[in-house]
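Here's the structure we're looking at; comments come further down.
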Amino acid sequence: MSKSSSGSSRRQRVVEPDDAFDFASYEAHWQKYWAEHLAPVGADASRKKFYALSMFPYPSGVLHFGHALPYTIIDALARYKRMCGHDVICPMGWDAFGLPAENAAIEAVRAGKSNVHPKTNTLANIDHMREQMRRFGYSFDWEREVFTCRADYYKWTQWIFLKMLERNIAYRKKARVNWCPSCKTVLANEQVETIVKDVDEFQGCFRCGAKVEPREIDAWFLRITEYADRLLNGLSQLGKNWSELVVSQQRNWIGRSEGVNIDFEVELRHGASGSGPLTPPGTDGKPVDRVPLTVFTTRADTVFGVTYVAIAPEHPLVKRILELVDSRTHKRIHDFIQETLSMTEMDRASGDEKEGVATGMFAVNPLNGEKVPLFIANYVLMYGTGAVMAVPAHDERDHDFSREYRLPAKQVIEPTAERKKSDTGQRVDVRRAAFTEPGILVNSGKYSGLDSQAAIAAIAADLKAAGKGGPVVNYKLRDWGISRQRYWGCPIPVVHCDKCGIVPVPERDLPVELPDDVDFLPTGQSPLTLHPAFQKTRCPRCGNEHARRDTDTMDTFVDSSWYWFRYTDAKNGEVIFDPAKVRRWCPVDLYVGGREHAILHLIYARFFCKFLHDIGLVDHEEPFTRMFTHGLIQGESIKVVNEHMNRYVTADQLEALIAQGKARAEDATRRIEKMSKSKLNGADPTELVRRFGADTVRMCVLFLGPAEQDSVWDPNGIVGVHRFIKRWHETILSNAPLVENLPPLAPDQRLGPAAKTLRHAAHSLIEKATQEYEGRYAFNTVIARCMELVNDIRAFITSEKLEGAVKGATDPTLPARHTLDEAFSILNRALAPIAPHTAEEAHRALGGRGSIFGQPWPKADPAALVLDEIELPVQVNGKVRGTIRVAREADAKALEAAALASEAVKKLLDGKQVKKMIAVPGKIVNVVVG
RNA sequence: GCGGACGUGGCGGAAUUGGCAGACGCGCAAGACUUAGGAUCUUGUACCGCAAGGUGUGUGGGUUCAAGUCCCACCGUCCGCACCA
């Protein structure tokens with residue numbers, strides 16, 4: 001209620017900028033100037049390099065707010081680094097393969113439109129977006145531009161694939177994959193996400209949200225698991241230069257766990273029945289074989305508490321069991337497996353019912369010789385070995401399952417003495433709940449009395465010695481399936497030959513070009529299958545005329561896993577890149593991008609970098625020295641639900657509806673959500689650039705809040721920033737004559753107190769701005785300080801009465817004018833990275849030649865940073881009661897004296913005893929009275 | 001459940017090393033200029049109180065001369081992962 005009433009009072013107005021402030025023409029002028037005069041990159045190898053990179057976009061057709069923030073950040077920092085004298089590259093390109101273009105084309109074909117080929121569309125989108133970027137004043141190095149959909153790029157994507165094939169990093173296998181029935185293609189595990197719709201929770205496609213289905217399919221995989229440990233170790237080296245969020249998510253995703261493999265032995269019996277007794281010895285059926293069954297556990301210390309063994313429905317042993325069990329059991333197992341496997345692995349995981357079937361077989365515990373029943377259970381995943389030793393007493397999942405099937409729990413761990421003493425640790429009743437903490441072993445033969453950690457080590461060592469297992473490391477990370485049954489992607493450069501099998505396309509025949517004339521309407525099989533001329537080829541090995549090309553295309557994440565290397569040598573037609581150029585520019589010094597790529601793109605990119613390192617192409621292992629993850633700019637959506645309607649509206653529409661009596665304020669629900677067309681909560685950055693200018697929009701997205709935090713776009717908030725830009729511009733333009741052709745200061749001309757204060761403000765701004773641009777990236781605070789300086793400057797001009805005075809060497813205001821001149825120059829340079837057009841304009845207005853980006857970044861003068869006199873707070877008993885003005889270098893004694901002499905303290909002291917005084921020079925004085 | 005982030009005025013946020021909480025901006029209020037203002041400028045604006053003064057950074061404790069900041073316990077919000085044995 002209070003929310004909706006405050007909402008209706010907060011009127012949203014259409015704010016139009018002042019016509020007299022002609023930012024549009026000067027922005028256009030400077031954009032043209034930069035295009036013609038930008039200093040060539042890489043001209044001077046003696047300068048320190050800086051590689052500024054932002055994630056390249058998918059060319060969807062329009063630049064939206066999701067782009068404005070990262071590109072503004074990267075452009076501001078690139079411009080800053082150039083001013084600092086670095087040799088900077090800040091390239092841009094296009095992640096141009098992918099489903100949206102293909103889907104749009106399909107839609108258009110179905111709607112009967114023409115000229116909608118994904119290629120045509122994509123290239124048109126790119127031209128449009130490049131132009132939008134120019135309007136923002138982004139100083140990207142367009143001569144390095146890459147397009148993943150062009151053969152001159154994907155030739156090298158294919159080349160990397162061949163290198164991976166050579167090294168057995170790429171391989172083919174039949175696998176259960178996630179199939180998106182709507183996109184009609186395979187998704188990688190990382191591309192499947194949990195979707196909650198109404199009350200339903202299911203595994204859906206990260207792109208379209210459709211429920212994914214499992215499918216068995218022959219597909220190409222990249223052996224990223226081979227790199228699991230290196231990917232993990234690399235994370236710790238990145239340290240504080242990567243956000244903790246990304247690092248922990250990647251760590252989690254790799255999911256390293258150290259444990260022990262233990263070989264149980266299963267007695268296979270012919271005619272075994274799962275309905276038989278569950279306690280050993282199982283005697284139904286005839287023994288036919290004994291086979292090893294390896295389980296993986298992180299809690300080998302609980303091995304004496306095993307009361308059954310469970311295997312995953314996909315476990316290879318299941319087939320053998322089905323051949324042996326009696327017909328009733330066969331049917332039960334068969335039905336159970338059918339049911340379980342019809343779900344995706346992740347759906348299975350999200351269900352909470354633990355179910356399973358007894359096989360009638362028994363497994364022998366290698367450590368104590370006990371025979372325990374063997375189950376097939378839905379809660380066991382094909383992780384580790386796909387088999388677990390179940391310990392209901394010390395594992396919650398096993399405990400749940402054991403209750404369902406009335407299996408015993410046997411306690412083998414006791415809390416440590418220390419744990420028993422604590423308030424939560426004394427009572428352990430394994431019949432009621434599993435005790436999952438580590439502790440001291442009991443009922444565990446010779447291991448009894450050991451603590452968990454020691455027992456795990458001892459048991460692992462003994463198993464190893466006995467040849468029945470030993471320590472192992474497992475990962476959650478799976479190999480990366482890259483085959484996609486879609487058209488608009490990079491063809492996989494292999495040939496299938498009936499005689500030779502899979503044959504790689506020879507390097508000299510690259511690229512395998514994606515044909516244009518393909519019927520790409522989705523049928524469930526790869527569109528390239530329907531293109532006989534593409535598919536039919538000679539086997540490069542045996543010359544067989546009836547070989548077929550692979551008709552799948554690669555996951556587009558492959559394309560984007562190496563693009564930043566190509567930027568260093570984008571036009572090279574001979575090799576993927578000149579290693580010397582990569583040595584010059586890489587690793588990337590700063591990579592800016594969204595959190596949505598924390599695991600997908602960033603882990604693939606790191607993997608590719610390590611691979612290219614291994615084949616000797618690059619000499620570093622981590623591609624991005626610093627990763628900055630920016631927040632999302634969200635919008636406030638308004639949904640009106642009443643008897644007339646149930647839909648999203650804009651703020652203006654809501655107002656109109658209320659005025660017409662068609663809605664009441666309380667019918668509206670406001671929510672902060674990701675900007676989207678359907679929710680009408682978006683803002684079009686290009687439209688805002690037209691109305692307010694690029695500098696305003698650039699500054700505005702940075703002023704919204706700390707760049708790594710999500711923030712809400714407030715359509716009214718832009719006016720404050722726009723006003724500031726105008727004020728800054730106006731202040732410089734109208735006061736430029738005050739500092740025109742200043743004669744030098746004579747040695748005896750000194751700054752007055754106001755000038756010293758202004759100088760102090762200007763130089764501390766340099767310190768502040770430098771610190772932020774160097775790495776803290778709290779641009780909002782830099783902007784705030786610049787606003788303050790403009791306010792200070794204006795007040796200074798008024799208070800020093802600079803306007804009226806005559807200029808000349810004898811002008812008494814000359815020192816003040818010099819101070820003003822310096823403050824102007826500092827202000828302009830501090831703002832130049834963020835608002836480059838206005839900074840250029842201001843620089844030019846003050847008589848500057850060329851571009852402001854030819855100017856060096858200012859250095860703070862230490863002398864200006866210290867004031868002669870400072871104001872310090874005085875506390876009495878910890879509460880601020882007043883201030884004192886003291887000399888800058890006043891020591892503790894002087895501070896104490898000044899404090900005692902101050903009115904505030906005298907008044908409060910009033911005869912009371914001073915117990916203690918704390919005086920911190922330069923900070924504070926605290927008087928403690930009794 | 002595990003992991004991460006966060007909690008400060010009407011709002012976005014500042015306070016980086018324990019040292020004047022609320023910078024800067026929005027909004028709001030009053031005034032100036034103006035034919036007009038949704039332009040521009042000036043002033044005010046954490047809360048309670050006429051005031052003196054008091055209270056105040058999610059809650060409760062603690063350390064300290066001094067805590068938004070450090071420690072302990074809790075509450076809440078958001079995000080990610082989630083039967084990984």
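Bear in mind that the values here come from a model prediction, so they are computed numbers and not experimental data. Naming: A, B, ... by sequence-line order, numbering from 1 per chain. In what follows, every heavy atom counts, from backbone to side chain, and hydrogens, waters and symmetry copies are set aside.
- Comparing the P positions of B:U69 and B:G7 gives a spacing of 11 Å, expressed to the nearest Å.
- Taking atom P in both B:C33 and B:G19, the straight-line distance is 46 Å, to the nearest Å.
- In this model, a side-chain donor or acceptor of A:K768 finds a partner on the base of B:U16 within 3.5 Å.
- Distance check on atom C1': B:A15 versus B:A21 gives 7 Å, rounded to whole Å.
- When Watson-Crick and G-U wobble pairs are counted only if both distances are under 3.5 Å, B:G19 pairs with B:C65.
- In this model, the phosphate group of B:G25 is approached by a side-chain N or O of A:N791 to a distance below 4.0 Å at OP1 or OP2.
- The C1' atoms of B:G9 and B:U57 are separated by 10 Å, rounded to the nearest whole Å.
- Look at A:S257 and you'll find a side-chain N or O under 4.0 angstrom from OP1 or OP2 of B:A85.
- Along RNA chain B, the nucleotide nearest A:M389 and the nucleotide nearest A:Q771 are compared for position; the residue whose nucleotide lies closer to the 5' end is A:Q771.
- In this structure, A:R785 does not reach the B:C24 phosphate: none of its side-chain N or O atoms is under 4.0 Å from OP1 or OP2.
- The CD atom of A:E636 sits 13 Å away from the P atom of B:C11 (whole-angstrom rounding).
- Protein atom CZ of A:F703 is 4 Å distant from nucleotide atom C1' of B:G25, rounded to whole Å.
- For B:G76, the paired base is B:C6 (Watson-Crick or G-U wobble, both distances below 3.5 Å).
- For the residue pair A:N378 / A:T340, no side-chain donor-acceptor distance below 3.5 Å is found, with atom types taken as modelled.
- Below the 3.5 angstrom threshold, one finds no donor paired with an acceptor across the side chain of A:E730 and the base of B:U40.
- Between A:R881 and B:C20 there is no side-chain N or O to OP1 or OP2 distance below 4.0 Å.
- In this structure, a donor-acceptor pair under 3.5 Å is absent between the side chains of A:N474 and A:S257.
- When the side-chain nitrogen and oxygen atoms of A:Y379 are compared with OP1 and OP2 of B:A85, none of them lie within a distance under 4.0 Å.
- Within 90° of 0 lies the glycosidic angle of B:G9, which makes this nucleotide syn.
- In terms of phosphate contacts, A:Q709 brings a side-chain nitrogen or oxygen within less than 4.0 Å of OP1 or OP2 of B:G13.
- With hydrogens and angles ignored, no donor-acceptor pair under 3.5 angstrom links the side chain of A:K915 to the base of B:C65.
- Inspection of the A:T225 and A:R478 side chains reveals no N or O donor paired with an N or O acceptor under 3.5 Å.
- The side chain of A:P873 approaches B:C20 more closely than any other nucleotide in the set B:A85, B:C20, B:C81.
- Checking the phosphate oxygens (OP1, OP2) of B:A15, a side-chain nitrogen or oxygen of A:R776 falls inside 4.0 Å.
- The phosphate of B:G4 (OP1 or OP2) has no side-chain N or O of A:R251 nearer than 4.0 angstrom.
- At a cut-off of 3.5 angstrom, counting only N and O atoms as typed in the model, there is a donor on one side and an acceptor on the other between the side-chain of A:N926 and the base of B:C65.
- At B:A39, one or more side-chain N or O atoms of A:R723 fall inside 4.0 Å of OP1 or OP2 (strictly under the cut-off).
- Between B:C74 and B:G22, the distance separating the two P atoms is 33 Å to the nearest Å.
- With both pairing distances under 3.5 Å, B:A46 is matched to B:U55 as a Watson-Crick or G-U wobble pair.
- Here the nucleotide nearest the side chain of A:E772, chosen from B:G13, B:U16, B:G19, is B:U16.
- Partners of A:R727 under the salt bridge (Lys or Arg N to Asp or Glu O under 4.0 Å) rule, at least two apart in sequence or in another chain, do not exist in this structure.
- Between A:K354 and the phosphate of B:A85, there is no side-chain N or O to OP1/OP2 separation shorter than 4.0 Å.
- Comparing the P positions of B:U45 and B:C26 gives a spacing of 16 Å, expressed to the nearest Å.
- Nucleotides B:U40 and B:C47, compared at atom C1', are 33 Å apart to the nearest Å.
- Cation-pi geometry between A:K354 and A:Y379 is met: under 6.0 angstrom from the ring centre, within 45 degrees of the axis.
- At whole-Å resolution of the value, CZ in A:F296 and P in B:A85 are 6 Å apart.
- Between the CD1 atom of A:I376 and the P atom of B:C83 there is a distance of 20 Å, given to the nearest Å.
- A distance of about 14 Å separates the C1' atoms of B:A67 and B:C20, rounded to the whole Å.
- Comparing A:I918 and A:M787, the nucleotide of RNA chain B nearest to each residue sits closer to the 5' end for A:M787.
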- Query: Going through the distances and angles, do A:R299 and A:D301 end up as a salt bridge (Lys or Arg N to Asp or Glu O under 4.0 Å)?
  - Reply: CA-CA 5 Å; A:R299 289 298 303 273; A:D301 55 322; 2.9 Å; yes
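- Taking 4.0 Å as the cut-off between side-chain N and carboxylate O, A:E258 and A:R256 count as a salt-bridged pair.
- There is a side-chain donor-acceptor pair under 3.5 Å between A:D695 and A:T838.
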